[in-house]
Novice: 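One structure coming up, written as structure tokens, with questions to follow.
Start at 1 and go down the list; that is how both ligands and their atoms are numbered. All values below come from the heavy atoms of this structure, side chains included, with hydrogens, waters and symmetry mates left out.
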Amino acid sequence: TRRRRMRLPYPPGPPADPLIGHLRMMPDSDVAPEVFHGWAKQYGDVMSLNVLGKPLLILSSEEAAMDLLDKRSLTYSDRPSFPMLERLGWKDVLVFVPYGQYFKKLRKMIQVPFEKEKVSTFRSIEEQEACVLLYNLLNDPVGMDRYVHRYSSAIILEISYGHRVLSNDDEYFKAAEIILHVLHDVSRPSLLDVSPIFEKLPAWFPGAWFVKYIRETKPVVLHNIQMPVADVQKQLVAGTAKQSFVSQHLEDLTREGQLTPESLYDLSMVAHMIFGGGSETSWHTIMTFIACMLTNPDIQRKAQEEIDRVVGNSRLPDFTDRDSLPYIECIAQETMRWHPVAPLGVPHKATEDDEYRGMYIPKGTTIMANARSITWDERHFHDPLTFKPERFLPKPEGAGEVFPQGGIFGWGRRICPGRYLADNMVWIAVVNILAAFDVRKTKDADGNIIEPQIEFITSITSHPKPFLCDLKPRSENAAKLIRQAYDMHMANVATS
Ligand code: HEM
């Protein structure tokens with residue numbers, strides 16, 4: 001079979017240079033999803049590239065991604081290596097772990113507590129943090145971006161470590177910001193991507209900036225991964241630990257006599273992964289939602305009408321309202337479709353030679369499913385560039401289009417295990433912001449409306465660049481509800 005397959009053509013792609021392949025034409029991460037989408041129009045939804053001899057397959061339709069990454073997930077669940085991130089201390093966080101026994105072990109630890117039926121246990125944490133978010137937005141609307149980051153981080157930190165974030169200066173929250181800076185620093189390509197041999201270069205060698213960077217940064221990364229688990233261990237001894245993912249595991253491991261340096265290391269990595277997977281993605285999604293409300297005032301008004309009709313104005317919305325708010329549901333979904341937070345997904349890798357539609361896919365090929373193409377596919381989404389929540393309402397009220405789950409949350413055995421949690425985190429923030437605030441365009445000194453420019457910065461995930469926005473409570477009553485909810489929350493904090 002192998003010999004026959006090797007005679008098959010590779011999937012088509014743009015003309016390449018000898019030896020270096022498509023290296024010179026590889027686009028920057030900010031524009032890569034759009035550029036690949038453009039190429040796919042010419043070369044098709046299964047397109048092959050080659051970078052320095054490494055095969056890369058770009059899938060640009062839901063059908064192709066499902067056929068390979070879902071239906072043949074036994075072959076397509078490995079990951080390519082991420083040399084810089086691995087050397088900085090992230091080698092054993094689930095998202096980078098190669099497919100195999102260790103992957104299965106870590107995946108199970110993370111998957112089970114976040115199954116669909118179980119994530120409702122986190123609702124009270126999400127509702128509390130949503131009210132903290134509203135309170136912060138009320139008092140300091142200009143700090144919006146940081147408060148939304150704090151919101152998503154605080155939920156995850158409480159779920160993972162039982163840690164409650166009470167200020168912007170919180171040590172754990174700051175550690176998260178440090179990690180983000182590191183990720184940002186290393187998003188540029190390095191010689192390590194070409195070959196591990198460059199690791200041996202002296203730090204002064206031109207282009208070898210990463211040697212010194214790794215030496216200095218790895219201890220910081222490892223400290224930030226291990227410190228919160230060590231804290232929970234101390235709290236367990238002192239009897240002050242709150243119920244959390246980590247405390248539960250530590251208790252189980254201790255009871256079963258399995259608490260070893262290895263099991264502690266695995267637990268630190270998994271808890272860190274929950275944070276890494278959940279905080280930034282939800283933050284970016286909520287910021288994208290705010291940007292969409294800013295640029296689509298009619299949609300915002302329609303959403304607020306639904307909330308006013310269903311929830312009234314004597315309280316803020318909570319999860320019990322969810323089933324009665326179909327339009328809000330569509331807004332959350334449309335935000336994710338309109339600008340997927342991981343526009344190229346996370347790459348998979350083929351562990352076997354394969355054949356698809358009469359074409360050859362060699363073992364070791366990196367596969368990217370371009371979420372941008374999938375969510376812009378006119379066969380599935382009419383007028384795909386426009387933000388139109390109604391598309392997801394059933395016919396005849398809406399267009400009856402189907403949420404592109406794979407494009408947003410990934411595929412097969414690697415599908416995002418936090419998707420149900422993420423869905424709740426995003427929804428409760430969306431509904432509360434809409435209930436309490438008007439997201440409005442700002443005005444200049446002469447009272448003229450400033451038209452906002454919404455642009456995105458993209459590495460693996462995509463975040464709107466800072467944009468001008470006037471966030472005002474919808475009424476004095478809305479401001480009062482926010483303060484009341486916050487006071488109740490703080491009273492709970494004081495007694496718990
Ligand atoms: C809006 C929010 C989120 C989006 C859009 C998102 C999206 C994704 C995507 C596209 C992947 C790659 C899937 C693939 O390889 O095919 C992924 C992986 C992952 N996500 Fe999420 N995610 C979100 C929130 C979360 C949350 C809240 C958690 C917390 C539990 C989480 C944990 C993970 C983990 C652990 C992986 C790695 C899975 C693996 O490699 O097996 N994510 N996510």
Side-chain angles (χ1 to χ4, degrees), residues 33 59 62 65-66 68-70 73 76-80 82 85 90 92-100 102-116 118-119 122 125-126 129 148 151-160 245 269-289 332-349 366-372 374-375 403-430 458 460-463:
L59 305 176
E62 186 159 34
M66 265 165 76
L68 298 184
L69 305 182
D70 267 356
S73 74
Y76 290 98
S77 291
D78 206 8
R79 293 279 192 221
F82 297 85
L85 298 173
W90 282 298
D92 294 316
V93 292
L94 179 66
V95 69
F96 304 129
V97 171
Y99 188 69
Y102 189 54
F103 161 79
K104 287 185 189 163
K105 180 180 169 192
L106 299 189
R107 173 95 199 179
K108 194 167 163 203
M109 281 171 78
I110 235 175
Q111 192 164 300
V112 173
F114 299 113
E115 280 164 355
K116 195 174 182 177
K118 299 204 181 123
V119 289
F122 306 121
I125 299 178
E126 287 147 0
E129 287 306 328
V148 176
Y151 163 79
S152 63
S153 302
I155 293 175
I156 301 275
L157 287 169
E158 180 140 9
I159 292 175
S160 301
F245 176 84
M269 289 295 161
V270 170
H272 180 73
M273 179 69 238
I274 300 174
F275 190 79
S279 155
E280 206 186 326
T281 44
S282 313
W283 166 34
H284 295 351
T285 306
I286 296 165
M287 289 310 295
T288 304
F289 150 76
Q333 292 190 339
E334 180 65 344
T335 300
M336 297 192 202
R337 184 208 67 85
W338 183 79
H339 192 87
V341 80
L344 285 173
V346 179
H348 291 220
K349 193 172 97 181
T366 294
I367 295 103
M368 288 173 143
N370 188 355
R372 195 61 293 185
I374 292 167
T375 53
F403 178 65
Q405 136 118 349
I408 311 306
F409 288 114
W411 311 93
R413 293 165 203 220
R414 288 285 188 168
I415 189 172
C416 173
R419 62 197 180 283
Y420 303 113
L421 175 70
D423 180 62
N424 282 348
M425 284 167 69
V426 170
W427 184 84
I428 195 77
V430 162
T458 306
I460 290 182
T461 56
S462 191
H463 186 81

Novice: Is the distance from the ring center of Y76 to that of Y99 below 6.0 Å?
Specialist: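 No - the distance between ring centres of Y76 and Y99 does not fall below the 6.0 Å cut-off.
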Novice: Do R372 and H339 have side chains that get closer than 4.5 Å, going by heavy atoms?
Specialist: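 Touching, per the 4.5 Å side-chain cut-off.
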Novice: Any N/O of S282 closer than 3.5 Å to an N/O of ligand 1?
Specialist: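 Among all N and O atoms of S282, none is under 3.5 Å from an N or O of ligand 1.
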Novice: What atoms of ligand 1 come within less than 4.0 Å of a heavy atom belonging to I110?
Specialist: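 Matching atoms, with element in brackets: 35 (C).
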Novice: Do the non-hydrogen side-chain atoms of W90 and V95 ever get within less than 4.5 Å of each other?
Specialist: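 They are not in contact (no side-chain heavy atoms under 4.5 Å apart), so the answer is no.
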Novice: How far is atom 4 (C) of ligand 1 from its nearest protein heavy atom, and which residue and atom is that?
Specialist: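 For atom 4 (C) of ligand 1, the nearest protein heavy atom comes out as F409 CE2, 3.4 Å.
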Novice: Could you tell me whether some N/O pair between G277 and ligand 1 is separated by less than 3.5 angstrom?
Specialist: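 N/O-N/O distance below 3.5 Å exists for this pair.
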Novice: Quick one: does S153's side chain get under 4.5 Å of F275's, heavy atoms only?
Specialist: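 The answer is yes, as the side chains (C-beta and beyond) meet within the 4.5 Å cut-off.
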Novice: Would you mind reporting whether V97 and R107 have side-chain heavy atoms less than 4.5 Å apart?
Specialist: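 R107 vs V97: side chains apart.
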Novice: List ligand 1 atoms under 4.0 Å from I408, heavy atoms only on the residue side.
Specialist: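 By the 4.0 Å cutoff, the relevant atoms are 5 (C), 7 (C), 10 (C).
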Novice: In the protein, what heavy atom is nearest to atom 5 (C) of ligand 1, and what distance, to one decimal place, separates them?
Specialist: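 For atom 5 (C) of ligand 1, the nearest protein heavy atom is V341 CG1, 3.1 Å.
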Novice: Please confirm whether the backbone N or O of G412 pairs with a side-chain atom of D70, one donor and one acceptor, at under 3.5 Å?
Specialist: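 Yes, D70 side chain to G412 backbone: donor-acceptor pair under 3.5 Å.
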Novice: Quick check: does any side chain N or O of T335 sit under 3.5 Å from a backbone N or O of F289, one acting as donor and the other as acceptor?
Specialist: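 Answer holds: no.
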Novice: Hey, are the side chains of F96 and R79 touching, using non-hydrogen atoms and a 4.5 Å cut-off?
Specialist: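 In short, these two side chains do not touch, never coming nearer than 4.5 Å.
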Novice: Using a 3.5 Å distance criterion without hydrogens, assess whether the side chain of S279 forms a donor-acceptor pair with backbone atoms of G276.
Specialist: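 The answer is no, because no donor-acceptor pair under 3.5 Å joins these two groups.
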Novice: Out of M273, H272, R414, E280, who gets a non-hydrogen atom closest to atom 40 (O) of ligand 1?
Specialist: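 Among M273, H272, R414, E280, the closest heavy atom to atom 40 (O) of ligand 1 belongs to R414.
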Novice: Which atoms of ligand 1 are found less than 4.0 Å from any heavy atom of T285?
Specialist: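 This gives 1 (C) as the contact atoms.
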Novice: Considering heavy atoms of the protein only, find what lies nearest to atom 27 (C) of ligand 1 and give residue, atom and distance to 0.1 Å.
Specialist: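 Answer, as residue, atom name and distance: G278 CA, 3.3 Å.
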Novice: I'd like the name of whichever of P417, G407, A371, G412 reaches closest to atom 34 (C) of ligand 1 through any heavy atom.
Specialist: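 Comparing heavy atoms across P417, G407, A371, G412, the nearest one to atom 34 (C) of ligand 1 lies in P417.
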Novice: If you count the atoms of ligand 1 from 1 in the order shown, which ones are under 4.0 Å from a heavy atom of F103?
Specialist: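 Taking each heavy atom of F103 in turn, ligand 1 has 41 (O) under 4.0 Å.
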Novice: I'd like to know if the side chain of N370 and the backbone of L59 have a donor-acceptor N/O pair within less than 3.5 Å.
Specialist: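 It does not hold such a pair.
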Novice: Out of R107, M109, H348, who is nearest to atom 14 (C) of ligand 1 when you count heavy atoms only?
Specialist: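 Residue with the shortest heavy-atom distance to the ligand atom: H348.
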Novice: Quick one: which ligand 1 atoms are inside 4.0 Å of a heavy atom on G410?
Specialist: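 Within the 4.0 Å cut-off of G410, ligand 1 contributes 10 (C), 13 (C), 14 (C), 16 (O).
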Novice: Please state whether R79 comes within less than 4.0 angstrom of ligand 1, counting heavy atoms only.
Specialist: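 Within the 4.0 Å threshold, so yes.
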Novice: For the side chain of R414 and the backbone of S77, is there at least one donor-acceptor N/O pair under 3.5 Å apart?
Specialist: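 Such a contact is found between R414 side chain and S77 backbone.
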Novice: Using distance alone, determine whether R413 and ligand 1 share an N or O pair under 3.5 Å.
Specialist: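 No, R413 has no N/O under 3.5 Å of an N/O on ligand 1.
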Novice: Taking distance alone, with no angle check, do R419 and ligand 1 share an N/O pair under 3.5 Å?
Specialist: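 By distance alone, the answer is no.
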Novice: Applying a heavy-atom cut-off of 4.0 Å, say which part of V95 lies close to ligand 1: side chain, backbone, both or neither.
Specialist: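 Both parts.
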Novice: Record the part of L69 in heavy-atom contact with ligand 1 below 4.0 Å; permitted values are side chain, backbone, both and neither.
Specialist: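 Neither; no heavy atom under 4.0 Å.
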Novice: Mind running side chain to side chain contact (heavy atoms under 4.5 Å, CB included) on I159 and I155 for me, showing each step along the way?
Specialist: CA-CA 6 Å; I159 292 175; I155 293 175; 3.8 Å; yes
Novice: Give the residue, atom name and distance (to 0.1 Å) of the protein heavy atom nearest atom 12 (C) of ligand 1.
Specialist: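 Sorting protein heavy atoms by distance from atom 12 (C) of ligand 1 puts V346 CG2, 3.4 Å first.
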Novice: Can you tell me which residue and heavy atom of the protein come closest to atom 24 (C) of ligand 1, and the distance to 0.1 Å?
Specialist: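 Nearest neighbour among protein heavy atoms for atom 24 (C) of ligand 1, to 0.1 Å: T281 OG1, 3.3 Å.
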Novice: Looking only at protein heavy atoms, which one is nearest to atom 30 (C) of ligand 1, and what is the separation?
Specialist: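 Protein heavy atom with the smallest distance to atom 30 (C) of ligand 1: G418 CA, 3.6 Å.
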Novice: How far is atom 22 (N) of ligand 1 from its nearest protein heavy atom, and which residue and atom is that?
Specialist: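 Looking only at protein heavy atoms, the one closest to atom 22 (N) of ligand 1 is C416 SG, 3.1 Å.
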Novice: Are V93 and H272 side-chain neighbours, meaning at least one heavy-atom pair lies under 4.5 Å?
Specialist: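 Yes, their side chains come closer than 4.5 Å.
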